[in-house]
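As the structure is a prediction and not an experimental result, all values here were calculated from the model.
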Amino acid sequence: MNYFILSKKDIAPSGGEHQIYLLHDWVITLQTDDYKDCNKEGVRIIIIGDYIGSVQTLFDTEHSNIPKLRGNFYAIVVSDQTIKIYNSFLSILPLYFTNDHRYISSSIRYIRNVSQEEFSINKKYILEGLLFNYGFFNRTLYKEIQLLSSNSFLILNEDSVNEEKHFETTSLFHKNPSRGSKVVDQLSDLFISTTAHYFPDTSFTVAFTSGFDGRTLVSCATHFQKDIKTFSFGKPENDDVAIPKLNAEELNIPYQSLDLGSEAYIREDYLNSAKDYIDQFPGANGLIYPHIAYSAKQIAKDSEFLLSGVIGSELFRALHITGAVTSQALVDIFTSNSTQEIRDKITNSKALEAIKKEEFHVELEELIEEIIAYRTSISKDLTQNQQFYVFVFEEVFRKFFGQWIAMQMHHIKVRTPFLDYIFIKELLKTQYAGVNNDFFTENPLKRMKGQYLYTDIIKKTNKRIYQQMTGKGYRPKDLRESIYIYKIIFPFITKRLRRKIKTPYLDNLGIISGILANKEHVKKLINNTTYFDSSKLLLILDTLTPTTPEKERDTLLMMMSVLIALRHNPIHNKTKQPTIL
């Protein structure tokens, strides 16, 4: 899936681009001819991406429910002199538009390339990235470009463009979730039958890791006797490489390891892939996730489809630790007891220690007020964990995992079976959903509820995988049989002790190695910044090791990603682009 943009007849297509004319002079320009254009009884539906279903289903479905259909795709519906633009379930694929609605696109870069307008940097977006690892609201790096709100669509009329909601996240939440062996049995059957729709008839590749998400998909694929290949990435000694490699050998399934510790990757592919990520998502932390772009390119050489287990863990198990997905600043917002406490924690966040405070003073004050207003607006009828999961469903899924999916789909069709409306709707009625657990619980027995569902799926679909060791330190079987409870408790205690006595090693994905291999280039960026404290960044860079605290590392790399975005996407289109990096 390549990019598209809608405009009013002011884009001249370049070689290889395709144009589709709609109502009221609106034109879609696409970088590919891979789309579906369907017509029936005065209704026209254009599908861009990987829709899984029949054309008839599209026309039988109420327009506002089209995003709930399976697949990662955009739908443009033309009827009754209006154009409606949808961007899949939970808005997992991004849709951007300029403030004047002159341009609407799947790509910020595409908007910038065709627009003759001048753009200005949105400092609030930079602050959001540093605090939360992604945008908190619907901003982008540029003040003039916005991200469409979650669960919303655009309505294009002759003289106006409006944004409307088509789905409320809280409609999925329940006060009295059910539980029990019968409930698990029904859920696992539903997942197995649902996942079958996501498996192509041709050969495909499954992301196989040491955890439960990938192996659950592998288990289901073998159950339906599909022709699959598997892969994972990391350094060879990483559990996410060593364990699935051994598992795949035992299952006699093809497996490919993408070595992120190789000299070629560290010296060349790391930085090039990071720039690819940042080009698509300016201001996002591409230096943390270059392996997402890199792996998609590699897998696309031999496969048309990638089956990914993203969002599975976040659906099944309650989030319980801070990190890239849920930063400390995000958790602070939902645990603070007063607006003043929120203000104090954000103001004093370590993530902001290296910014030039005078450059961001006004923006920080305004952002804090907006965050407080957001926190206050969440319904008090929800449990604390449900309040938190409103943000997870509406913002984290699309801004964190959605970036990954969109990045990968530039190279390969990505299918995400866990991201299924019918399954999620039923899951959230039960206690086996993370949203219905205790807020940030670390109790292993409570966290086992979600994992228990994984094991029921695996038990029904592949007995050998049911017996295989995972990176958790136990087998799926151990979660179901009480005699093996010690095998769950012991790894939990061991990990807790290890956190206290051993500094985490943070170079399993070659991130630190990649930065250090390009250290001189990075220094050039740092010495030419007006937003950040160069001396503090250089100090972090000069002392950077695989045991540097995670947030310190992430803060450095987020700032570097912003600087790369600014270098490669200068504010004024006519400005000559620098050659640094």
Side-chain angles (χ1 to χ4, degrees), residues 108-109 112 118-131 133 140-143 265-290 293 349-364 506-507 509-581:
I108 294 175
R109 185 180 183 185
R112 292 218 55 201
E118 293 188 352
F119 293 83
S120 52
I121 298 303
N122 196 326
K123 295 180 185 178
K124 289 183 189 177
Y125 180 79
I126 295 175
L127 292 172
E128 290 173 355
L130 293 172
L131 288 164
N133 303 316
T140 71
L141 185 61
Y142 308 106
K143 289 181 180 179
Y265 176 79
I266 290 171
R267 291 288 175 185
E268 297 181 15
D269 294 319
Y270 169 81
L271 189 56
N272 289 334
S273 298
K275 289 191 291 184
D276 283 349
Y277 197 108
I278 295 166
D279 279 347
Q280 181 161 339
F281 299 104
N285 204 339
L287 292 171
I288 288 285
Y289 307 116
S349 172
K350 289 185 177 180
L352 303 182
E353 287 183 351
I355 66 171
K356 290 182 178 178
K357 297 292 175 62
E358 65 277 9
E359 284 284 337
F360 292 89
H361 176 71
V362 173
E363 289 79 9
L364 181 57
L506 299 178
D507 200 29
L509 297 175
I511 295 170
I512 304 298
S513 298
I515 285 294
L516 295 180
N518 295 277
K519 189 173 181 178
E520 294 308 310
H521 294 297
V522 172
K523 282 187 174 182
K524 291 178 182 179
L525 281 175
I526 293 175
N527 288 324
N528 287 276
T529 173
T530 59
Y531 293 123
F532 311 127
D533 187 324
S534 297
S535 61
K536 289 183 179 179
L537 291 185
L538 288 171
L539 179 61
I540 298 174
L541 178 63
D542 287 337
T543 58
L544 187 67
T545 71
T547 57
T548 296
E550 183 176 13
K551 189 56 188 176
E552 185 175 310
R553 178 203 68 178
D554 290 357
T555 298
L556 170 68
L557 299 192
M558 176 60 81
M559 292 182 179
M560 294 299 95
S561 295
V562 169
L563 294 177
I564 290 174
L566 297 179
R567 289 288 183 183
H568 284 261
N569 296 276
I571 298 175
H572 303 293
N573 285 337
K574 296 180 181 179
T575 303
K576 184 179 179 181
Q577 294 193 13
T579 57
I580 295 177
L581 282 183

Should we say atom NZ of Lys356 is surrounded by more than 12 heavy atoms from elsewhere, each under 6.0 Å from it?
yes

Counterpart residues, ring-ring contact (aromatic ring centres under 6.0 Å, His included), relative to Tyr125 (two or more places apart)
none

Going by the salt bridge (charged side-chain N to carboxylate O under 4.0 Å, His left out) test, which pairs reach into residues 554-564, not counting sequence neighbours?
none

Provide the closest heavy-atom pair for Gly283 versus Ala565 in the form atom of the first, atom of the second, distance.
N-CB, 3.6 Å

A side-chain contact here means heavy atoms from C-beta on lying under 4.5 Å apart; do Tyr531 and Leu566 qualify?
yes

Quick check: do Ser513 and Tyr270 have side-chain heavy atoms less than 4.5 Å from each other?
no

What residue among Asn122, Ile278, Ile121 forms side-chain contact (heavy atoms from CB on, under 4.5 Å) with Leu141?
Ile121

Going by heavy atoms in the side chains, are Leu364 and Leu127 under 4.5 Å from each other?
yes

Tell me every residue that passes salt bridge (charged side-chain N to carboxylate O under 4.0 Å, His left out) with Glu552, counting only those two or more places apart in sequence or in another chain.
none

Between Ile511 and Arg553, is any pair of side-chain heavy atoms under 4.5 Å apart?
yes

At their closest point, which heavy atom of Lys123 faces which heavy atom of Glu359, and how far apart are they?
NZ-O, 2.9 Å

Lys523: which residues meet the salt bridge (charged side-chain N to carboxylate O under 4.0 Å, His left out) condition with it, sequence neighbours left out?
Asp542

Distance check, rounded to the nearest 0.5 Å: Glu118 atom CD versus Arg112 atom CZ?
10.0 Å

Quick one: CG on Asn272 to CG on Asp276, what's the gap to the nearest 0.5 Å?
7.0 Å

Less than 4.5 Å apart, side chain to side chain, heavy atoms only: is that true for Leu271 and Pro290?
no

Would you please name every residue forming a side-chain contact (heavy atoms from CB on, under 4.5 Å) with Asp533, sequence neighbours left out?
Ser535, Lys536

If you define the side chain from C-beta out and look only at heavy atoms, does anything of Asn527 sit under 4.5 Å from Leu538?
yes

With a 4.5 Å heavy-atom cut-off, do Thr543 and Thr548 have their side chains touching?
no

Could you label the plane-to-plane angle of the Tyr289 and Tyr277 rings as parallel, tilted or perpendicular, counting under 30° as parallel and over 60° as perpendicular?
tilted

Can you give me every donor-acceptor pair (side chain of residues 555-564, partner residue at least two apart or in another chain, under 3.5 Å) with its distance?
unit_1: Thr555; atom_1: OG1; unit_2: Lys551; atom_2: O; d: 2.8
unit_1: Ser561; atom_1: OG; unit_2: Asn285; atom_2: OD1; d: 3.2
unit_1: Ser561; atom_1: OG; unit_2: Gly286; atom_2: N; d: 3.3
unit_1: Ser561; atom_1: OG; unit_2: Leu287; atom_2: N; d: 3.3
unit_1: Ser561; atom_1: OG; unit_2: Leu557; atom_2: O; d: 2.9

Does the side-chain contact (heavy atoms from CB on, under 4.5 Å) test come out yes or no for Phe532 and Ile126, once each step is laid out?
CA-CA 11 Å; Phe532 311 127; Ile126 295 175; 4.0 Å; yes

Would you say Leu541 and Leu537 make side-chain contact, with heavy atoms under 4.5 Å?
no

